[in-house]
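Input: a single structure, listed below in structure tokens.
The model shown is predicted, which means the values in this text are computed figures rather than measured ones. Here is the naming used below: chain letters follow the sequence lines, and residue numbers restart at 1 for every chain. Only heavy atoms go into these numbers, but all of them, side chains included; no hydrogens, no water, no symmetry mates.
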There are 2 protein chains.
Amino acid sequence: MAKGRGKRVTIGDVAREADASVTTVSRVLNDVSTVDETLADRVRQAIADLGYRPSATAQGLARGRSGTLGVLVPDLANPHFSDLVKAFSATVRDSGARVLVMDSDEDPTVERELAEDLLRYADGLLLCAPRMPRADLAALAARGAPLLVANRRAPGLALHTVGVDFHQGVLAVCGHLAQLGHRRVVYLAGPEGSWANRERLRALAGAEAFGLHVTVLPCGSTTDEGHAVAETALAAGGTALVAYNDFVALGLLSRFAELGVRVPDDISLTGFDEIDLARFSSPPLTTVAVPRSGLGRAAATALIRLLRGGTGGAPDGGTDADDPENAEAEALPVELHVRGSTSAPS
Amino acid sequence: MAKGRGKRVTIGDVAREADASVTTVSRVLNDVSTVDETLADRVRQAIADLGYRPSATAQGLARGRSGTLGVLVPDLANPHFSDLVKAFSATVRDSGARVLVMDSDEDPTVERELAEDLLRYADGLLLCAPRMPRADLAALAARGAPLLVANRRAPGLALHTVGVDFHQGVLAVCGHLAQLGHRRVVYLAGPEGSWANRERLRALAGAEAFGLHVTVLPCGSTTDEGHAVAETALAAGGTALVAYNDFVALGLLSRFAELGVRVPDDISLTGFDEIDLARFSSPPLTTVAVPRSGLGRAAATALIRLLRGGTGGAPDGGTDADDPENAEAEALPVELHVRGSTSAPS
DNA sequence: GTGAAAGCGCTAACAG
DNA sequence: CTGTTAGCGCTTTCAC
């Protein structure tokens with residue numbers, strides 16, 4: 001029986017036990033080229049008896065691919081990324097591979113190194129690195145490994161990306177607010193260098209076109225930061241507050257409750273990202289739902305397709321890098337959810 | 001330069017380029033047995049020129065270990081586990097290894113398979129599987145691979161565990177409530193089979209000793225479930241509600257806000273787990289902080305130690321399984337945080 | 001101090 | 001349909 005002894009059970013042990021060759025064992029393992037049923041059964045029996053499991057490492061070496069995909073995120077504790085990773089993993093697993101996760105702890109200076117390390121293990125990489133310097137991105141791309149970048153664009157870099165249409169989301173928020181009659185809104189900005197924040201700002205600028213005047217206040221991305229900035233935000237003289245994300249919005253809401261400021265009667269408030277709790281605040285939050293799981297699935301699908309396509313797979317020459325059509329972007333639609341935290345200005 | 005061509009750069013390429021042997025290259029790679037500085041420099045230069053990165057797979061095969069640790073969690077989107085995995089990964093990475101994450105999606109029927117698969121890739125495994133059948137656990141343990149189980153006990157199974165002292169946490173909550181003068185509390189129970197829930201119930205039973213009468217109401221672990229059970233909970237006739245976790249508590253709070261029930265004036269409420277948002281609800285939640293990151297770190301440390309110790313490492317005989325001292329438990333302390341959601345009964 | 005050669009466990013031509 | 005034989009890229013005795 002499969003008692004946990006010292007040495008690993010190898011394919012050779014199985015072959016011996018089943019009185020077959022390792023090739024045959026390998027064949028039944030990968031159910032390939034019809035092996036005689038009797039023999040196959042004997043092999044399966046031996047596998048079961050010995051509790052044999054093929055070593056993924058050996059398979060990887062022999063096959064030339066590890067069966068592993070990497071994903072690098074800035075913060076796994078952020079629901080945005082844990083949902084993404086979760087969906088990514090599920091899809092990847094369905095395709096028969098596994099996922100190696102790395103967390104850069106929001107530190108752009110280690111991202112490059114982590115990514116390179118990940119590539120030693122993985123067949124491909126999903127990169128969520130909103131603040132990685134362009135040069136590092138270029139260097140990674142030049143490694144030639146299948147690389148997919150999430151929520152970030154890198155013009156002229158010929159890399160594949162997937163992302164969420166933040167622009168449209170912010171526009172939807174602004175449209176909603178404008179329609180309610182708001183004219184002056186204040187935006188509580190997210191992290192400085194982040195692509196998501198830049199994208200929001202870009203959209204906000206566009207929103208001025210339909211009669212909205214927006215003031216930008218530095219803030220951040222956490223509940224704490226939202227809480228801390230509440231009074232300043234109030235003083236900024238808008239009738240509506242557009243928070244960088246739901247965490248910030250909930251922080252504001254919390255502070256407002258303490259201050260006796262009523263939302264939306266005294267001031268309207270919107271979030272972004274739709275975390276689970278957004279429906280359960282008082283009042284429930286008007287926010288933009290972004291397809292986190294959808295993004296994870298899309299990323300997995302795209303990366304797997306890249307793998308299959310074989311980037312630079314041709315031994316010599318073939319489709320090389322400077323193909324302008326080589327880069328490919330995908331932007332998933334978002335959805336505005338109007339709830340109790342917004343109303344017409346008083 | 002390191003242009004991303006078709007073929008992978010191997011140690012042989014580096015050796016050729018540096019006019020050295022692969023052995024030497026391997027040596028400078030693993031900085032072992034003083035290689036002559038001149039030669040070493042030449043090798044390093046070649047490595048840089050070629051953009052060489054050792055294949056983790058090949059290293060794994062040759063070394064007999066993959067440099068990868070696995071972790072299986074029920075739900076990566078749950079902050080409890082994402083924090084745990086994050087801290088686990090960080091610690092594991094500091095020790096030079098990587099982490100393979102798998103998410104069982106709360107489905108106990110796939111856990112066994114996922115764990116076995118993980119073990120094909122990883123040198124060791126951290127198992128968070130609160131509902132895995134004992135037999136499966138035993139089977140995994142019998143595989144002989146370094147295995148660490150989080151937040152769950154398995155008497156007689158001689159496996160290593162780390163966990164949080166839920167028992168003490170619940171007792172602290174009850175003590176707090178009792179001291180405020182509560183006599184009748186209702187517990188909103190978590191998922192049926194889960195160890196965490198069983199542990200809470202066990203502690204609750206103990207709490208009756210100091211004068212608390214507790215009614216148990218089935219509920220669940222999500223905000224939605226808390227929201228849904230609110231009215232029933234109210235009708236159960238307690239002066240305080242002990243929620244399975246913070247999500248449930250926030251769901252209750254949300255529903256209470258809709259119903260005009262005031263917390264803590266009309267009823268006291270406690271959570272468990274201290275999610276980030278617990279401080280920001282209205283009122284802020286009295287809850288029990290569990291050291292999620294600490295648990296992740298402790299798990300990593302323990303697992304790494306197991307790896308070093310070499311479970312069943314002795315080729316024949318040696319320290320075998322039925323050693324009673326072989327199993328080892330670690331229970332991290334928790335901390336009650338009293339906030340605005342609890343007060344003396346009216 | 002350095003290199004040649006034998007594997008690590010598996011897959012994949014290539015014969016029979 | 002089945003087995004023999006090379007490797008996959010690296011580490012590691014073991015000689016030099």
Side-chain angles (χ1 to χ4, degrees), chain A residues 6-44 46-47 50-68 96 117 119-123 145 313 315, chain B residues 6-44 46-47 50-68 96 117 119-123 145 313 315:
Chain A
K7 300 256 35 95
R8 190 180 219 309
V9 180
T10 77
I11 198 173
D13 299 331
V14 175
R16 198 169 315 117
E17 174 87 6
D19 193 36
S21 73
V22 294
T23 311
T24 300
V25 177
S26 174
R27 287 201 180 101
V28 343
L29 237 37
N30 305 283
D31 37 39
V32 81
S33 110
T34 42
V35 177
D36 181 90
E37 262 312 304
T38 321
L39 219 199
D41 273 342
R42 230 162 58 222
V43 170
R44 279 189 278 268
I47 289 177
L50 268 39
Y52 167 72
R53 293 269 161 179
S55 147
T57 307
Q59 288 184 317
L61 188 57
R63 288 176 174 153
R65 60 205 152 66
S66 65
T68 292
D117 189 44
L119 281 176
R120 298 198 310 122
Y121 286 83
D123 299 330
Chain B
K7 300 256 34 97
R8 193 183 216 304
V9 180
T10 77
I11 198 174
D13 299 332
V14 175
R16 200 170 313 116
E17 174 86 5
D19 193 34
S21 73
V22 295
T23 311
T24 300
V25 177
S26 176
R27 286 204 180 100
V28 343
L29 237 37
N30 304 282
D31 36 39
V32 80
S33 108
T34 42
V35 176
D36 181 272
E37 262 311 305
T38 319
L39 219 198
D41 272 342
R42 228 162 59 221
V43 169
R44 278 188 278 268
I47 289 177
L50 268 38
Y52 167 72
R53 293 268 160 179
S55 148
T57 306
Q59 288 184 318
L61 188 56
R63 289 177 174 155
R65 60 205 152 67
S66 65
T68 292
D117 188 45
L119 246 19
R120 298 198 309 123
Y121 286 83
D123 299 330

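- Rounded to whole angstrom, the span from the CZ atom of A:Arg8 across to the P atom of C:dC8 amounts to 13 Å.
- Taking five base pairs at each end of the helix from C:dG1-D:dC16 to C:dG16-D:dC1, the local helix axes there meet at an angle of 40°, rounded to 10°.
- Closest approach of A:Gly12 and A:Val22 over heavy atoms only: CA-CG1, 4.0 Å.
- Rounded to a whole Å, the CG atom of A:Asp13 is 10 Å from the C1' atom of C:dG9.
- A heavy-atom distance below 4.5 Å is found between the side chains of B:Ile47 and B:Leu29.
- Residues B:Thr57 and A:Ser66 come closest through the heavy atom pair OG1-CB, 4.0 Å.
- Phosphate contact (OP1/OP2 of C:dT11, side-chain N/O of A:Ser26, threshold under 4.0 Å): present.
- When the P atom of C:dG9 is taken as reference, atom CG of A:Leu50 falls 14 Å away, rounded to whole Å.
- Looking at the side chain of A:Val22, the nearest of the listed nucleotides C:dC8, C:dT11, C:dA5 is C:dT11.
- Across every non-hydrogen atom of A:Tyr121 and B:Gly67, the tightest pair is OH-O, 3.9 Å.
- To the nearest angstrom, P of C:dT11 lies 6 Å from CG of A:Leu29.
- Taking the side chain as every heavy atom from C-beta outward, A:Leu39 and A:Val28 never approach each other to under 4.5 Å.
- By the 4.5 Å heavy-atom criterion applied to side chains, B:Thr24 and B:Arg42 are not counted as neighbours.
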(message) Applying side chain to side chain contact (heavy atoms under 4.5 Å, CB included) to A:Arg63 and A:Asp123, what does each step give before you reach the verdict?
(response) CA-CA 11 Å; A:Arg63 288 176 174 153; A:Asp123 299 330; over 6 Å; no

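- Ranked by how close their nearest DNA chain D nucleotide is to the 5' end, B:Arg27 and B:Thr10 are led by B:Thr10.
- Remark: P of C:dT2 and CG of B:Asp36 are 5 Å apart, rounded to the nearest angstrom.
- When DNA chain D is scanned in the 5' to 3' direction for atoms under 4.0 Å from non-hydrogen atoms of chain A, the outermost contacting nucleotides are D:dC1 to D:dG9.
- Nearer the 5' end of DNA chain D, as judged by each residue's closest nucleotide, is the contact made by A:Thr24, out of A:Thr24 and B:Thr57.
- Atom CD in B:Glu37 sits roughly 10 Å away from atom P in C:dT2 (whole-Å rounding).
- Nearest approach of A:Gln59 to A:Pro54, heavy atoms of both residues: NE2-CB, 3.5 Å.
- At whole-Å resolution of the value, CZ in A:Arg63 and P in C:dA12 are 7 Å apart.
- Residue order along DNA chain C, read from the 5' end via each residue's closest nucleotide, puts B:Leu39 first among B:Ala62 and B:Leu39.
- An OP1 or OP2 oxygen of C:dG3 is reached within less than 4.0 angstrom by no side-chain nitrogen or oxygen of B:Thr23.
- In this entry the distance linking CZ of B:Arg65 with P of C:dG9 reads 14 Å, nearest Å.
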(message) Please evaluate residues B:Glu17 and B:Leu50 with respect to the criterion side chain to side chain contact (heavy atoms under 4.5 Å, CB included), reporting the C-alpha separation (whole Å), side-chain torsions for both, the decisive distance (0.1 Å), and the verdict.
(response) CA-CA 9 Å; B:Glu17 174 86 5; B:Leu50 268 38; 3.9 Å; yes

